[in-house]
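Note that this is a predicted model, so its numbers are computed, not measured. So that the names make sense, note that chain A is the first sequence line, chain B the second, and so on, each numbered from 1.
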Protein chains: 2
Amino acid sequence: MEKQIYGFYNYSMTDIFKIKELASTPVRVLVYEYLNEHQKALSLKYIESDLYDLDRSSIFRTLKTFVDHKIVHTIHDGSGSVKYALCQEGCNCDPSDLHFHFYCTTCEATYCLLDLPVPSVSLPTGFVISQANMVLSGLCNNCNS
Amino acid sequence: MEKQIYGFYNYSMTDIFKIKELASTPVRVLVYEYLNEHQKALSLKYIESDLYDLDRSSIFRTLKTFVDHKIVHTIHDGSGSVKYALCQEGCNCDPSDLHFHFYCTTCEATYCLLDLPVPSVSLPTGFVISQANMVLSGLCNNCNS
DNA sequence: AAACCAATGCAATAAAGTTGCACCTAACTA
DNA sequence: TAGTTAGGTGCAACTTTATTGCATTGGTTT
Ligand SMILES: [Mn+2]
Ligand SMILES: [Mn+2]
Ligand SMILES: [Zn+2]
Ligand SMILES: [Zn+2]
């Protein structure tokens, strides 16, 4: 149980919290495990509806904390609500760590396209990049038939 | 006046409305000219604050109509509000027509990087792309000094 | 045990987006 | 031309999402 392998990481959840210098708390454990089970980018509303015994603001602040500690990254897919997904091992949330996402306009799922890294682009003079939000949208494989 | 060259187009605004099969109305004219003057992606709130004699919902519906008629495209830059920018001549709002954007986290301006087209990526089997929202963020040339 | 501090739940609020409806206006019809 | 119609606009209400204040809880430190 304690040594179970979690998500994208070769570490247990407990180890990850230690590495990211974050106290392990009931809400954090539940939210982390929930994200880990789904392996997709999920909205606060979606998480809240499943973890209904937790308060929305607690989940919200937990996600914010996860973002601050680079345990999850956010995706703005145009659906109207922010999606959250677990980072991969070694992710520092720099553009070079990030990847494209795919938003299905039918089932509204948002996927991390882990094997599609953000390309390094040459920006106009004076522009300095620190973040990236790459979203393709259309039909996912489940909805395309 | 009537023959003035507007924005990205080699056509007058009146011509564009005809091409896009859209009636020319007072609000549409003002919103179009406003977007055209700024050559940037702007939020509803921002437009509203300048065109203060127009109603928010009228501007909102006008922008929606412009999007439907492919006169403007939307950008979700993570700022919390949708940005709108004029399309270029010949734009059909397909991914191949679209380009990267840059959101400055300091001045909150969103730029169309017209010379950075969306690359064609190979998606997993079964995924069909229809839209793209590419946003880099950081410091713009004005704020970087 | 007392003090402390972060986490949590609850409730209120802010911010953005959206809609119903009445009125207006300009184009069309008779 | 007068009447009719359809779409555009303004106003106000409302929905959804995001965010914050504050009191309470619960574990850790002194
Ligand atoms: Mn991702
Ligand atoms: Mn653009
Ligand atoms: Zn789908
Ligand atoms: Zn700037």
Can you give me every donor-acceptor pair (side chain of residues 104-126 of chain B, partner residue at least two apart or in another chain, under 3.5 Å) with its distance?
{"from": "B/Thr105", "atom 1": "OG1", "to": "B/Gly138", "atom 2": "O", "distance (Å)": "3.2"}
{"from": "B/Thr110", "atom 1": "OG1", "to": "B/Asp77", "atom 2": "OD2", "distance (Å)": "2.6"}
{"from": "B/Thr110", "atom 1": "OG1", "to": "B/Lys83", "atom 2": "NZ", "distance (Å)": "2.9"}

To the nearest Å, how far apart are A/Arg56 CZ and D/dA18 C1'?
9 Å
Under 3.5 Å, which donor-acceptor pairs link side chains of residues 93-102 of chain B to any protein atom two or more places apart or in another chain?
{"from": "B/Asp94", "atom 1": "OD2", "to": "B/Asn92", "atom 2": "ND2", "distance (Å)": "3.2"}
{"from": "B/Asp97", "atom 1": "OD2", "to": "B/Asn92", "atom 2": "N", "distance (Å)": "2.8"}
{"from": "B/Asp97", "atom 1": "OD2", "to": "B/Cys93", "atom 2": "N", "distance (Å)": "3.3"}
{"from": "B/Asp97", "atom 1": "OD2", "to": "B/Asp94", "atom 2": "N", "distance (Å)": "3.2"}
{"from": "B/His99", "atom 1": "NE2", "to": "B/His73", "atom 2": "NE2", "distance (Å)": "3.3"}
{"from": "B/His99", "atom 1": "NE2", "to": "B/His101", "atom 2": "NE2", "distance (Å)": "3.1"}
{"from": "B/His101", "atom 1": "ND1", "to": "B/His99", "atom 2": "O", "distance (Å)": "3.3"}
{"from": "B/His101", "atom 1": "NE2", "to": "B/His73", "atom 2": "NE2", "distance (Å)": "3.3"}

Students often get this wrong, so: under 4.0 angstrom with heavy atoms, is A/Ser58 touching a base, only sugar-phosphate, or nothing?
base
Between C/dC10 atom C1' and A/Ile59 atom CD1, what is the distance in whole Å?
14 Å
Nearest-angstrom distance from the residue atom CG of A/Leu51 to P of C/dA7:
18 Å
Whole-Å distance between C/dA7 P and A/Asp53 CG?
19 Å
Does B/Lys64 or A/Thr25 map to a spot on DNA chain C nearer the 5' end, using the closest nucleotide for each?
A/Thr25
Between A/Phe17 (CZ) and C/dA7 (C1'), how many Å, whole number?
13 Å
For the pair B/Tyr46 and B/His38, name the ring-plane relationship: parallel under 30°, tilted 30 to 60°, perpendicular over 60°.
perpendicular
Calculate the interatomic distance between A/Glu48 atom CD and C/dG9 atom P; express it in whole Å.
12 Å
On the nucleotide D/dT17, are OP1 or OP2 found under 4.0 Å from the side-chain N or O atoms that A/Lys45 carries?
yes
Between B/Leu22 (CG) and D/dA6 (P), how many Å, whole number?
19 Å
Does any N or O donor sit under 3.5 Å from an N or O acceptor when you compare the side chain of B/Arg61 with the base of D/dG8?
no
